[in-house]
Amino acid sequence: MRLSQYPINTVKETPAEAEVTSHQLMLRAGLIRRLAAGIYTWLPLGLRTLRKVERIIREEMDHAGALEVLMPAVQPAELWQESGRWDQYGPELLRLKDRHDRAFVIGPTHEEVITDLARRELKSYRQLPVNFYQIQIKFRDEIRPRFGVMRGREFIMKDAYSFHADEASMAAGYDAMHAAYTRMFTRMGLNFRPVRADTGSIGGSASEEFQVLADSGEDAIAVSDGDDFAANLELAAALPPTQPRPAASAPMATVSTPKTRTIAEVSALLGVPPERCLKTLIVDGDDGGVVALVLRGDHELNAVKAQKLPGIANPLCMATPERVLAATGAEPGSIGPVGLSCRVLADHSALALADFVCGANQRESHLTGVNWVRDLPEAEAADLRNVVNGDPSPSGTGTLTVVRGIEVGHIFQLGRKYSEALKATVLDTAGKPTTLFMGCYGIGVTRVVAAAIEQNHDDKGILWPEPLAPYQVLLITMSPARSEAVRTAGDALYAQLTAAGIEVLYDDRDARPGVKFTDAELLGIPHCVVIGERGLAAGTLEYRHRRTGGNEETPADGILDFLRSRFAPPV
RNA sequence: CGGGGCAUGGCGCAGUCUGGUAGCGCAUCUGGUUUGGGACCAGAGGGUCGUAGGUUCAAAUCCUACUGCCCCGACCA
C-alpha cells in the first residue's frame, strides 16, 4: 500500500479519552476509531493486524482438527430461556425485540446456539469427538467498557466448543486446545502464561486462562519461580505457615485508639507492625446471619475464595454498618474476633499469630497481647487471602511472585452443564441416549491486538512482533518530490518486493524526512528500508530494524536476499 | 449500578469563579521559501460553546433537567 493513498492521519497529541498505552497508540497510529463507548471501527492498518491474528488462530484450530462454523450474532430468546441464562445473565446481555415483538439477544457467547446445533446434528457416539469453532462478533453490554478494544462492548472472539461421549475424551480435547493455544500465542510472538483460573459464571470444572504478561494488565497472576505453576490471584492457594504458633508471652490489655480506623493508623499509633494486627471483616452468611472473616493486617481478602466457603453468601457481600454494629457492638474500625457470638473464620496466617492486636468491639478501642485459645476460641481455619510476593508456591516448589496480565484466552471443561439443560444427547454403544460432555475455548481476538501493543512498544510507538505487523517492510523515500531518481527507485523497489510476495508499506508521501521517520516509529513496522539520493549514487540502500534501531548500508541489488535474511524465522 | 470528573472548530486546550467582541497550539487549504529526524513566512477556511428549558437589557459563563464521554469499584475474551 502506498501511504500517499492512505487518507488516515497519524496524530501527534495523545487523545484525552485514552488511558492505556495500547489504546493511545492505536488511535495515534490510525488503527482504530471510536464510534460509541466500547464500539470501534477498524481502519485498514489495524484490520491487517487483526486478520493476521485471525489467520494464526484459524491455522492452529484447523491443525488441531477443529471445524469452522459461523453462527448468528442475533439469537432467539427461547434458547436462553431454555438454558436458564435468560434470567441469570443480567444486564450485560443485550436484549431486543423484532417487529413481531419476538425477543432476541445479541450473542455475548454461543453455548446455547452451538448446543442446539449439536443436539440436532449429532446422533451417534461415532460422530464424536468434534470441535466446532468460529471467529465472530460478540456483544456484551459491559458496565464499564474501557481501554479501547481491550474491553470493548462489541468485540471479535474466537469461540470453540467441543463435544464428547465421556469425561476422558473431554479432558483429551481440552489438552489439545491447551496445546493449540500455546502454539498460537507463541507464533504471535507474545510473552504469555497459561494460568489456573476460576470458572466464574460459565461454570464447569477445569479451567485455564492464557495471560499476556504486561504491567497494565487488569488481572493479577501468581507465578512460581520454582516450576511452571501459575494461577490467577483469585484462585492461587495460600499455604498455611509451616512454623507452629509461638507461645503467648503478653497479657491481653485494652488500649484507647481514638480516631483510628485503618490497620495502618492502628499500627502507627501502637507501634505494632501491620502483620501483627488482625483485621476483621463482617460479611453476610447464606442463612441470613453474618460471618466474621479474620485476616492478618497486611493481607487482603480474596473474595472468590471466601464466597466459595460453605455458609457464606455467594456472591460475597459485606455486611451493612447496622448489621456490623448489631453483631459486634462496635463500628468498623474497632471490631475484632474476641467475644464474638457469630461464626468466626480466620485465615491460616492470622491463626499463626501470637500476642497480636485487634479491635476490641468497643468504640475507638483495640486489644493488645491477644492470643488464640487463651483469650478467644480458636477460629475455624480457612484460606481467605490473596497470596503475596514471597509466599510459597502451592505446587510445593519455589516461591510466588505476583505479576499483571491481560487475559486473551480462556479454556474450560464444561461437563454437562449446557448439554443437560438443552437435552443434547447421542446414542452410545448400547444404543442408549447419553448426555454429551462439552468443553469451550475462547480467545479475545481484538484484545490480542491491544495486548500485543501493550507488551511491545517504546516511547516512540509500536514495536510489532513480526507475525502480527500489518506489513513486513516499510519503504521510505527521502524527498521524492525533489528527486526523480529517488522516486523511480522507490517505485521500482516497491514493485520488486511486492512481486516477491513481501508485504510492503510504501511511504511515498511528499513529506519531510522527520515526519516520515516519526511516523515510521509510531507505526512500528519491523523492517524499514530508506531510499535517499546519497545512497542511490553509491548503489546502496539503508536498512533499520524498528526494535533494534541503528542504520545499516546494504547493496541495492541484493536487497531481497538481505531482507529475507533479516526476517524472523517462522515459529 | 455506586462514587468522582469532563463536554468550547477535526485533535489538544484556555476562557466559566467575577455575565458584555469566542481565543491559543496542532491539523487543513492557498502562495512562497525550504528539505536526512515532527520546517519557516504570508494569507484563508472552519465553532448553534453537548441538548432543552429558565434568570437577565445581555449567557460559553448563573440556575434546572437531560444526554454523551472519561476515571475508580464489582464483571469478563
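Remember, it's a predicted structure, so these values are computed and weren't measured experimentally. The sequence lines fix the lettering, A, B, ..., with proteins before strands; numbering per chain opens at 1.
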Suppose you measure atom P in B:rA14 against the same atom in B:rA44; what distance do you get, rounded to whole Å? 27 Å

At 4.0 Å (heavy atoms only), tell me whether A:Asp510 reaches a base, stays on the sugar-phosphate, or touches nothing. nothing

Aromatic centroids of A:His178 and A:Phe210 separated by under 6.0 Å: yes

Whole-Å distance separating the CD1 atom of A:Ile39 from the P atom of B:rG68: 12 Å

Watson-Crick or G-U wobble mate for B:rG31, both contacts under 3.5 Å: B:rC41

Whole angstrom is fine here: how far is it from CD in A:Glu552 over to C1' in B:rG36? 18 Å

Of the listed nucleotides (B:rC76, B:rG37, B:rG73), which one gets closest to any side-chain atom of A:Phe517? B:rG37

Let me know the distance between CG of A:Asp507 and P of B:rG38, rounded to the nearest Å. 15 Å

Does the B:rC76 base have a donor-acceptor partner in the side chain of A:Arg140 within less than 3.5 Å? no

Does B:rA14 have a Watson-Crick or wobble mate here (both distances under 3.5 Å), and if so which one? none

With A:Arg48 as the cation and A:Tyr471 as the aromatic partner, state whether NZ or CZ is under 6.0 Å from the six-membered ring centre and within 45° of the axis. yes

Identify every side-chain donor-acceptor pair in residues 301-311 of chain A under 3.5 Å, counting partners at least two apart or on other chains, and give the distances.
from: A:Asn302; atom 1: OD1; to: A:Val304; atom 2: N; distance (Å): 3.1
from: A:Asn302; atom 1: OD1; to: A:Lys305; atom 2: N; distance (Å): 2.9
from: A:Asn302; atom 1: ND2; to: A:Leu233; atom 2: O; distance (Å): 3.0
from: A:Asn302; atom 1: ND2; to: A:Glu234; atom 2: O; distance (Å): 3.2
from: A:Asn302; atom 1: ND2; to: A:Asn386; atom 2: OD1; distance (Å): 2.9
from: A:Lys305; atom 1: NZ; to: A:Ala236; atom 2: O; distance (Å): 2.6
from: A:Lys305; atom 1: NZ; to: A:Asp383; atom 2: OD1; distance (Å): 3.1
from: A:Lys305; atom 1: NZ; to: A:Asp383; atom 2: OD2; distance (Å): 3.1
from: A:Lys305; atom 1: NZ; to: A:Arg385; atom 2: O; distance (Å): 2.7
from: A:Gln307; atom 1: OE1; to: A:Leu316; atom 2: N; distance (Å): 2.9
from: A:Lys308; atom 1: NZ; to: A:Asp198; atom 2: OD1; distance (Å): 2.9

Can the positive tip of A:Arg95 be found less than 6.0 Å from the middle of the six-membered ring of A:Trp86, inside 45° of the ring normal? yes

Flag this pair as yes if the NZ/CZ of A:Arg509 is under 6.0 angstrom from the six-membered ring centre of A:Tyr6 and inside a 45 degree cone about the axis; otherwise no. no

Expressed in angstrom and rounded to an integer, what is the separation of A:Met478 atom CE from B:rG37 atom P? 7 Å

Base, sugar-phosphate, or nothing for A:Gly532, non-hydrogen atoms under 4.0 angstrom? base

Does A:Asp284 have any side chain to side chain contact (heavy atoms under 4.5 Å, CB included) partners at least two apart in sequence or in another chain, and if so, which? A:Val290, A:Ala313, A:Cys317, A:Ala319, A:Arg323

B:rC40 base / A:Arg512 side chain donor-acceptor hit below 3.5 Å: no

Who pairs with A:Ile143 by side chain to side chain contact (heavy atoms under 4.5 Å, CB included), at least two apart in sequence or on another chain? none

Interatomic distance where CD belongs to A:Glu92 and P belongs to B:rC1 [whole Å]: 14 Å

Base, sugar-phosphate, or nothing: which does A:Glu142 touch, judged by heavy atoms less than 4.0 Å apart? base

Compare the minimum distances between each of B:rC71, B:rA77, B:rG37 and the side chain of A:Glu521, then state the nucleotide with the smallest one. B:rG37

Any salt bridge between A:Arg34 and A:Glu17, counting N to O under 4.0 Å? yes

RNA chain B nearest-nucleotide lookup for A:His410 and A:Ala36: closer to the 5′ end is A:Ala36

Taking donor-acceptor contacts at under 3.5 Å, does the side chain of A:Asn9 reach the base of B:rC26? no

Looking across every strand, which nucleic acid part, if any, lies under 4.0 Å from A:Glu542 by heavy atom: base, sugar-phosphate, or nothing? base

Hey, is the side chain of A:Arg28 poking within less than 4.0 Å of OP1 or OP2 on B:rA27, counting only N and O atoms? no

Closest of B:rG37, B:rG38, B:rC75 to the A:Val515 side chain is B:rG38

By the Watson-Crick or G-U definition, both distances under 3.5 Å, B:rA60 is matched with none

As a quick check of understanding, evaluate ring pair (Phe, Tyr, Trp, His ring centres under 6.0 Å) for A:Tyr494 and A:Tyr506, giving each step before the final call. CA-CA 7 Å; A:Tyr494 177 54; A:Tyr506 180 20; 5.0 Å; yes

Would you mind classifying the nucleic acid contact of A:Gly444 as base, sugar-phosphate or nothing, using non-hydrogen atoms under 4.0 angstrom? base

For A:Asp519 and B:rA27, what is the distance between atoms CG and P respectively, to the nearest whole Å? 12 Å

How many whole angstroms separate atom CD of A:Gln134 from atom P of B:rA77? 15 Å

B:rG36, B:rC72, B:rA77: which one has an atom nearest the side-chain heavy atoms of A:Val530? B:rG36

Using atom C1' of each nucleotide, how far apart are B:rA59 and B:rA52 to the nearest Å? 15 Å

Verify the contact: side-chain N or O of A:Arg144 to OP1 or OP2 of B:rC72, cut-off strictly under 4.0 Å; return yes or no. yes

Sugar-phosphate only, base, or nothing, as touched by A:Met157 at under 4.0 Å among non-hydrogen atoms: sugar-phosphate

B:rU48 and B:rG3: how far apart are their C1' atoms, nearest whole angstrom? 34 Å

Just name whichever nucleotide pairs with B:rU67, Watson-Crick or G-U, keeping both distances under 3.5 Å, else none. B:rA7

Give me the distances for all protein-to-nucleotides 6-14 of chain B N/O pairs that come in under 3.5 Å?
from: B:rG12; atom 1: OP1; to: A:Ala16; atom 2: N; distance (Å): 3.3

With sequence neighbours left out, what residues match A:Glu54 under side chain to side chain contact (heavy atoms under 4.5 Å, CB included)? A:Leu50, A:Arg51, A:Arg58, A:Ile135, A:Ile156, A:Val445

A:Arg146 side chain N/O closer than 4.0 Å to the phosphate oxygens (OP1, OP2) of B:rC72? yes

Inter-nucleotide P distance (B:rC71, B:rG12), Å rounded: 14 Å

Between atom CD in A:Glu209 and atom P in B:rA77, what is the gap in whole Å? 8 Å

P spacing across the pair B:rC24 / B:rG19, given as an integer number of angstrom: 24 Å

Same-atom distance (C1') from B:rC11 to B:rG38, integer angstrom: 16 Å

Partners passing side chain to side chain contact (heavy atoms under 4.5 Å, CB included) against A:Glu322 (at least two apart in sequence or in another chain): A:Thr320

State which of B:rG38, B:rC71, B:rC76 makes the closest approach to the side chain of A:Thr518. B:rG38

How is A:Gly152 classified with respect to the nucleic acid when contacts are heavy atoms under 4.0 Å: base, sugar-phosphate, or nothing? base

Among B:rA27, B:rC76, B:rA74, find the nucleotide with the atom closest to the side chain of A:Lys12. B:rA27

Taking for each residue the nucleotide of RNA chain B with the nearest heavy atom, is it A:Phe147 or A:Gln307 whose nucleotide lies nearer the 5' end? A:Phe147

Per atom distances to the A:Ile143 side chain, the nearest of B:rC71, B:rC70, B:rC1 is B:rC1

If pairing means Watson-Crick or G-U wobble with both distances under 3.5 Å, then the partner of B:rC75 is none

